[in-house]
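What follows is a set of notes on a single structure, which appears directly below.
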Amino acid sequence: MSPAPPSPTVGMPSSVTALGQARSSGPGMASSACCCSPAAVQRRLPIMAWLPNYSLQWLKMDFIAGLSVGLTAIPQALAYAEVAGLPPQYGLYSAFVGCFVYFFLGTSRDVTLGPTAIMSLLVSFYTFHEPAYAVLLAFLSGCIQLAMGVLHLGFLLDFISCPVIKGFTSAATVTIGFGQIKNLLGLQNIPRQFFLQVYHTFLRIAETRVGDAVLGLVCMLLLLVLKLMRDHMPPVHPEMPLGVRLSHGLVWSATTARNALVVSFAALVAYSFEVTGYQPFILTGETAEGLPPVRTPPFSVTTANGTISFTEMVQDMGAGLAVVPLMGLLESVAVAKAFGLTNVLGSFVSSYPVTGSFGRTAVNSQSGVCTPAGGLVTGVLVLLSLGYLTSLFYYIPKSALAAIIIMAVAPLFDTKIFRTLWRVKRLDLLPLCVTFLLCFWEVQYGILAGALVSLLMLLHSAARPETKVSEGPVLVLQPASGLSFPAMEALREEILSRALEVSPPRCLVLECTHVCSIDYTVVLGLGELLQDFQKQGVALVFVGLQVPVLRVLLSADLKGFQYFSTLEEAEKHLRQEPGAQPCNIREDAVPDHKVALLEA
């Protein structure tokens with residue numbers, strides 16, 4: 001077993017020691033030390049956390065992992081370019097920059113950056129299958145992601161709930177998967193809009209090309225078998241015979257690089273038919289050879305109808321400038337700077353927007369990667385394929401790439417989420433279903449509608465909080481959550497209906513253990529309630545007030561305000577039993593441990 005990579009904090013002083021050193025050095029020296037400390041350097045350049053301790057054993061494991069990821073990334077990059085509606089070389093252009101950027105800025109040894117199925121789908125929605133738009137979208141998305149990382153705006157993503165994410169992911173999976181049916185069956189000239197695509201696919205199902213359909217299904221079956229073999233491989237032990245370990249390694253290599261093996265098999269079959277002069281498959285076709293030129297992103301496009309300016313391009317992409325960068329960061333906002341820099345630099349080599357890949361990250365982890373250096377091997381492998389293998393990509397059947405895409409996105413459709421939400425909280429099915437259905441129309445509308453439904457549910461729970469009512473000798477009402485101005489009217493109606501609008505009126509204990517803060521509107525509402533209770537000749541008393549809430553109520557100087565430390569004392573007082581007196585409203589009568597907090 002290889003040793004674990006070093007922790008980013010190895011060799012660094014503890015936070016207490018560093019803080020003590022900063023304080024003892026004075027303000028100016030503390031600032032300088034903070035900026036130049038090992039912790040600060042490693043935080044800004046994570047490579048410095050593991051590179052000084054790099055070993056030959058890690059090099060071996062990183063090389064194996066990088067090779068495994070590269071053999072997965074190359075066929076996937078070609079396939080995802082098809083999803084994005086771009087020539088195949090743009091998938092490869094997008095697959096190597098992230099490897100090099102993450103080598104320096106990576107905070108996780110497992111994560112790999114590059115083109116993904118969902119991001120490719122979004123690119124196809126907002127770039128009209130024009131490479132210039134896709135490259136400009138990468139540049140602008142990267143700038144937005146960098147700004148979010150620098151300004152710590154990750155909290156914006158907290159407003160997109162898990163059901164919304166699951167709804168979008170599931171809809172994208174269906175869209176991507178069904179979008180490849182045409183390639184799997186060899187159908188051509190099928191519209192890309194989802195509903196039209198479904199209609200025309202079934203309308204023209206009789207035009208299915210037997211060769212493409214058979215090869216595509218065979219490729220899917222091979223990928224499934226190899227994946228099952230990979231998932232059910234027994235662990236290898238050092239005491240096993242050498243022959244067993246070698247065979248285990250061979251099977252592990254074949255199942256890990258299954259995408260490359262299946263694509264190679266399909267290309268060999270297609271080439272064999274090409275030699276005979278009969279071609280039953282639709283092929284990928286020409287792929288631009290060589291490395292991409294290094295140039296600035298296109299800020300304008302010249303067409304037969306004139307020049308499209310930068311402003312017009314931005315207007316054409318519209319909501320994509322918000323959806324693409326946000327979706328790219330949704331799962332990994334912690335590395336927003338690495339993602340942003342990857343997209344910005346990638347746009348200079350004709351890359352379209354990229355993000356973290358779940359599938360390739362899993363391959364990286366299962367391959368035993370030790371550091372982000374594994375990405376260097378992957379990046380070099382992609383560059384070598386651009387330089388020397390593009391002529392071979394011509395013979396890859398589109399049905400084989402379709403099989404790779406379908407098998408890659410199938411696990412993203414979470415069938416368990418519907419059953420789980422039904423058991424846990426059925427109301428959460430509402431934003432999930434709204435997002436899922438509307439994303440088939442327009443992605444931005446689905447995400448926006450789902451987030452809006454989630455926000456309305458959140459606001460409703462804030463405005464109509466649940467209350468626990470105890471109907472004992474004394475009426476006790478306990479808000480089950482916080483108390484803010486939207487909830488005041490509902491609380492007032494609850495109190496009036498249970499205490500003052502009954503005959504005879506009843507005293508009430510308001511148990512505020514779960515109330516951690518109140519605002520001015522709540523203070524006014526409580527003051528009005530106290531007056532209403534006094535007019536009816538009954539009492540409203542408070543129990544369990546936390547220090548910040550008690551401070552506010554004391555400052556408001558509410559007439560008739562009575563506070564008790566315990567519910568038992570409040571009940572005794574309301575039953576007119578001896579020995580139960582309300583806490584004095586003066587601050588000096590508040591329990592000692594709370595006085596200090598009130599004076600703070």
Checking side chain to side chain contact (heavy atoms under 4.5 Å, CB included) for the pair Leu401/Glu82: CA distance, chi angles, key distance, verdict? CA-CA 9 Å; Leu401 295 180; Glu82 163 68 22; 5.7 Å; no
I need the minimum non-hydrogen distance between Pro298 and Val135, along with the two atoms involved. CD-CG1, 3.7 Å
List the residues meeting side chain to side chain contact (heavy atoms under 4.5 Å, CB included) with Cys433, not counting sequence neighbours, and say none if there are none. none
In this structure, are over 12 heavy atoms from other groups packed under 6.0 Å from Tyr54 atom OH? yes
Phe128: ring-ring contact (aromatic ring centres under 6.0 Å, His included) partners, not counting sequence neighbours: Tyr133
Give a yes or no answer on whether the side chain of Thr201 reaches the backbone of Val198 with a donor-acceptor pair at less than 3.5 Å. no
Would you give the length of the straight line joining atom CG of Leu217 to atom SG of Cys219, rounded to the nearest 0.5 angstrom? 9.0 Å
Within the supplied structure, the quantity of interest is the number of heavy atoms (other residues, nucleotides, ligands) at a distance under 6.0 Å from Tyr388 OH; does it exceed 12? no
Would you say the side chain of Cys143 lies within less than 4.5 Å of the side chain of Val344, judging by non-hydrogen atoms? yes
Which residues share a side-chain hydrogen bond (donor to acceptor under 3.5 Å, both in side chains) with Ser399, sequence neighbours left out: none
Where at least one partner belongs to residues 160-180, residue pairs that pass salt bridge (Lys or Arg N to Asp or Glu O under 4.0 Å), sequence neighbours excluded: Lys166-Asp414
Separation between OG1 of Thr72 and CZ of Arg360, rounded to the nearest 0.5 Å: 8.5 Å
Heavy-atom check, side chain of Ser170 versus side chain of Val174, under 4.5 Å: no
Taking the side chain as everything from C-beta on, heavy atoms only, tell me whether Pro88 gets closer than 4.5 Å to Phe393. no
Strictly distance-based, threshold 3.5 Å: is any side-chain N or O of Ser461 a donor or acceptor partner for the main-chain N or O of Leu458? yes
Working to the nearest 0.5 angstrom, can you tell me the gap between Leu326 CG and Met148 CE? 5.0 Å
Side chains of Tyr102 and Ser108: donor-acceptor distance under 3.5 Å anywhere? no
How close do Thr169 and Leu412 get, counting heavy atoms only, and between which atoms? CG2-O, 3.7 Å
Quick one: does Thr173's side chain have a donor or acceptor within less than 3.5 Å of a partner on Ala410's backbone? no
Just wondering, more than 12 heavy atoms not from Phe202 lying within 6.0 Å of its CZ? no
Among all residues two or more places apart in sequence or in another chain, which pass the side chain to side chain contact (heavy atoms under 4.5 Å, CB included) test with Pro292? Tyr93, Phe96, Val349, Leu386
In a table with atom names and distances, give each donor-acceptor pair under 3.5 Å that connects a side chain of residues 264-273 to protein atoms at least two apart or in another chain.
residue	atom	partner	partner atom	Å
Ser264	OG	Ala260	O	2.7
Ser272	OG	Leu268	O	2.8

Given Ile396 and Leu283, is the side chain to side chain contact (heavy atoms under 4.5 Å, CB included) satisfied, shown in steps? CA-CA 6 Å; Ile396 298 177; Leu283 304 181; over 6 Å; no
Considering residues at least two apart in sequence or located in another chain, which fulfil the ring-ring contact (aromatic ring centres under 6.0 Å, His included) criterion with Phe413? none
Ser141 side chain to Ala138 backbone, donor-acceptor under 3.5 Å: no
Quick one: does any side-chain atom of Ser367 pair with a main-chain N or O of Val369 as donor and acceptor, under 3.5 Å? no
Can you name the one residue among Pro353, Ser357, Ser94 that meets side-chain contact (heavy atoms from CB on, under 4.5 Å) with Thr116? Ser357
Using side-chain heavy atoms (C-beta onward) and a distance below 4.5 Å, is Arg109 in contact with Asp62? no
Between the CG atom in Asn343 and the CG atom in Leu146, the distance rounded to the nearest 0.5 Å is 9.0 Å
The reported gap from CG in Leu222 to CG in Leu215 (rounded to nearest 0.5 angstrom) is 9.5 Å
Between Phe281 and Gly211, what is the shortest heavy-atom contact and its length? CE2-O, 3.2 Å
Intermediate values then yes/no, side chain to side chain contact (heavy atoms under 4.5 Å, CB included), Leu448 and Leu452: CA-CA 6 Å; Leu448 182 61; Leu452 183 60; 5.5 Å; no
When you compare the side chain of Leu376 with that of Phe100, does any pair of heavy atoms fall below 4.5 Å? yes
Whether Arg204 side chain and Asn189 backbone form a donor-acceptor pair below 3.5 Å: yes
With the side chain counted from C-beta on, respond yes when Ile118 and Ile176 share a heavy-atom pair under 4.5 Å apart, and no when they do not. yes
Whether the side chain of Thr361 engages the backbone of Phe358 through a donor-acceptor N/O pair (distance < 3.5 Å, no angle test) should be reported. no
Thr435 to Gly450 - nearest heavy-atom pair and separation: OG1-CA, 3.1 Å
Residue His129 excluded, over 12 heavy atoms near NE2 under 6.0 Å: yes
Those residues that, when tested against Phe348, pass ring-ring contact (aromatic ring centres under 6.0 Å, His included) (two or more places apart): none
Salt bridge (charged side-chain N to carboxylate O under 4.0 Å, His left out) involving Asp212 - partner list, sequence neighbours excluded: Arg209
Would you compute the distance between atom CG of Leu226 and atom CZ of Arg230 and round it to the nearest 0.5 angstrom? 11.5 Å
Shortest non-hydrogen separation from Ala402 to Leu184 and the atoms involved: CB-N, 4.0 Å
Let me see the working for Ile447 and Met327 under side chain to side chain contact (heavy atoms under 4.5 Å, CB included), right down to the final yes or no. CA-CA 10 Å; Ile447 297 173; Met327 289 300 104; 3.8 Å; yes
On a heavy-atom basis, which atom in Asn364 and which in Ala65 lie closest, and how many Å separate them? OD1-CB, 3.5 Å
Across all chains, not counting sequence neighbours, the side chain to side chain contact (heavy atoms under 4.5 Å, CB included) partners of His200 are Ile190, Pro191, Leu196, Leu203
Below 4.5 Å, heavy atoms only, C-beta onward: do Val164 and Leu432 meet side chain to side chain? no
Compare all side-chain heavy atoms of Pro115 with those of Tyr90 and state whether any distance is below 4.5 angstrom. no
Residues 432-453 vs ring pair (Phe, Tyr, Trp, His ring centres under 6.0 Å), sequence neighbours excluded, gives Phe194-Phe440, Phe436-Phe440, Trp441-Tyr445
Provide the full list of side-chain hydrogen bond (donor to acceptor under 3.5 Å, both in side chains) pairs with a residue in residues 281-307, sequence neighbours left out, each pair given once. none
Tyr199, OH atom: more than 12 neighbouring heavy atoms under 6.0 Å: no
